[in-house]
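A short worksheet on the structure shown next.
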2 protein chains.
Amino acid sequence: MAALLAKNLNTLAGESGDYFRIALSVDCAIFGFDDHELKVLLTRSDLGEFKNQWTLLGDMVGFHEDPDQAASRVVKKRTGLRNLYLEQVHTFGRPDRHPRGRVVTIAYYALVNIGKVRLNAGTPDLDWHSVGDVRQLATDHRLILENCHRRLRTQGVERHLAFGLLPPKFSLAQLQSVYEAIEGHPLDRRNFRKKILGMHILEDLQEMEKAVSHRPGRLYRFRGLIPGTFF
Amino acid sequence: MAALLAKNLNTLAGESGDYFRIALSVDCAIFGFDDHELKVLLTRSDLGEFKNQWTLLGDMVGFHEDPDQAASRVVKKRTGLRNLYLEQVHTFGRPDRHPRGRVVTIAYYALVNIGKVRLNAGTPDLDWHSVGDVRQLATDHRLILENCHRRLRTQGVERHLAFGLLPPKFSLAQLQSVYEAIEGHPLDRRNFRKKILGMHILEDLQEMEKAVSHRPGRLYRFRGLIPGTFF
DNA sequence: CCAAAAGTGTTACAATTACACCCATGA
DNA sequence: TCATGGGTGTAATTGTAACACTTTTGG
């Protein structure tokens, strides 16, 4: 069967006859938001060459598996969450990128509500890291993370993705804090409220924050679907 | 050697043990501009199931080859042009997308000056097609083309990519015509000139169009590098 | 009553849009 | 002299950015 497949693939005419041995993986930058900072979920590499270095979460793509599904599977396995918005960002395929041979990886990012995540205890040192503090990662994962972060930043407020990072009920201050963390600079409060409220994407819950040691903020929820998610 | 690689790859822990048999290809939407229309270079499929259907230009990625290089190689082989700007757009990997087995493809787009292209005679029915007229393509190439075209449209004037579609000397009317073809709607002439000239990216060549049956336009050339290209 | 964050409008500036007439050339 | 497209400026509108004081709560 493998030989037959190889023969078929060879009829596709490439420069070399051995391209069918390329392995395909997915790597996910799973972003969360906590303590006014953008976080990314990392674990420890299990590659000897990169032992003890941090890496994004990934896995090989199964032979009968859609890469998008492989990415969902990775996120589900490590965080317990399903039906998240996952966006494909870029495919990294330099021949020398992986120490164990030819592995091409498709990078995705996901946005999760950090409070809902039950971290999978079976994953070594699985934990959240401030994106700004990440230094070295195994193989080319720093490059991959930078690409995912840039994509997230340039996606813009209009795509409403940031709501995936928040609990269902939130204040405008929390929402602003999310955008500040993503964009990396402070925003003007009045202009931010004007803009967001003018979009009519928030439903006023007629509720207030509780037990805060200052004037409580009004709570809202997001009106409308986040693409790829079901609430 | 193949068995050793497979064994190594199996240690990467996937759902199934046969992911290493996934084949990887590149497919290129090569855009050109002519007769006030955005064109794309197509050829005839050599897949029995899609015989006589049009397809984008692609090839398998060699085992030791960077996908970006594979895309350059494809463009060079069919058009004779090298050092073009090529942008990776998306990776398509549905398990059922290809009739000859598991082939995941990385899509790229390129912008070429159609006048410089010497079409490779060895490619069946290789020719330019108006993007707006493209109906059915082999496998999922219509989807791939739509993705590449959308990426090109949303890239915006600021990225200066459209210059790749023009000869070195061009008039503002030609440039405007390119943007109109890409964006799919007419633009106001005065506003367009104001915007482009205000960018200071054009050098006035102090030359005029020749042999046109109307008032000749001033010729310009692009000042500065198109990313990924050398002039 | 103090600290801390919520809530609220107006003005200046920049960017974008809409719009109409004269000019240079070849046929 | 006509047809064709080149070349030009201004006013209205819209969007964005800057900016300070009052309110509500818990401690």
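Order of the sequence lines fixes the chain letters, A, B, ..., with proteins taken first and strands second; residue numbering starts at 1 for each chain. The structure displayed is predicted, hence computed values, not measured ones.
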Euclidean distance, atom [atom1] of residue [X] to atom [atom2] of [N] [Å, nearest integer]:
| X | N | atom1 | atom2 | result |
| --- | --- | --- | --- | --- |
| A/His214 | D/dG27 | NE2 | P | 11 Å |
| B/Lys195 | C/dA14 | NZ | P | 17 Å |
| A/Asp188 | D/dG15 | CG | C1' | 15 Å |
| B/Glu207 | C/dT25 | CD | C1' | 17 Å |
| A/Asn191 | C/dT10 | CG | P | 14 Å |
| A/Arg218 | D/dT23 | CZ | C1' | 13 Å |
| B/Leu187 | C/dA15 | CG | P | 19 Å |
| B/His185 | C/dT17 | NE2 | C1' | 13 Å |

### Query
Side chains of B/Leu81 and B/Val117: closer than 4.5 Å at any heavy-atom pair?
yes
### Message
Taking 4.0 Å as the cut-off, does a side-chain nitrogen or oxygen of B/Arg215 come that near to OP1 or OP2 on D/dG7?
### Response
no
### Task
May I ask you to verify if any side-chain N or O of A/Arg190 is less than 4.0 angstrom from the OP1 or OP2 atom of D/dA18?
no
### Message
Both B/Leu219 and A/Val212 contact DNA chain D. Taking the nearest nucleotide for each, which residue is further toward the 5' end?
### Response
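Going by which nucleotide is closer to the 5' end, it is B/Leu219.
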#### Entry: Upstream residue (5' side of DNA chain D) when A/Lys194 and A/Ser213 are each assigned their closest nucleotide
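Between the two, 5'-proximity favours A/Lys194.
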### Query
Is a donor-acceptor contact shorter than 3.5 angstrom present between the side chain of B/Arg189 and the base of D/dG7?
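Indeed there is one.
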### Query
Between B/Phe170 and B/Phe163, is the ring centre distance below 6.0 Å?
yes
### Task
Specify the closest pair of heavy atoms between B/Gly58 and B/Asp27, including all atoms of both residues, with the distance to one decimal.
CA-OD1, 3.4 Å
### Query
Choosing from C/dC19, C/dG9, C/dG7, which nucleotide comes nearest the side chain of A/Arg193?
C/dG7
### Touch class at under 4.0 angstrom, heavy-atom based, for A/Ala173 against every strand present
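Answer is sugar-phosphate: A/Ala173 comes under 4.0 Å of backbone atoms only.
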#### Entry: Salt-bridge criterion met for B/Lys39 and B/Asp34 (N-O under 4.0 Å)
no
### Query
Is any NZ, NE, NH1 or NH2 atom of the basic residue among A/Asp140 and A/Arg94 found under 4.0 Å from an Asp or Glu carboxylate oxygen of the other?
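Here A/Asp140 does not pair with A/Arg94 in a salt bridge, since their nearest N and O are not under 4.0 Å apart.
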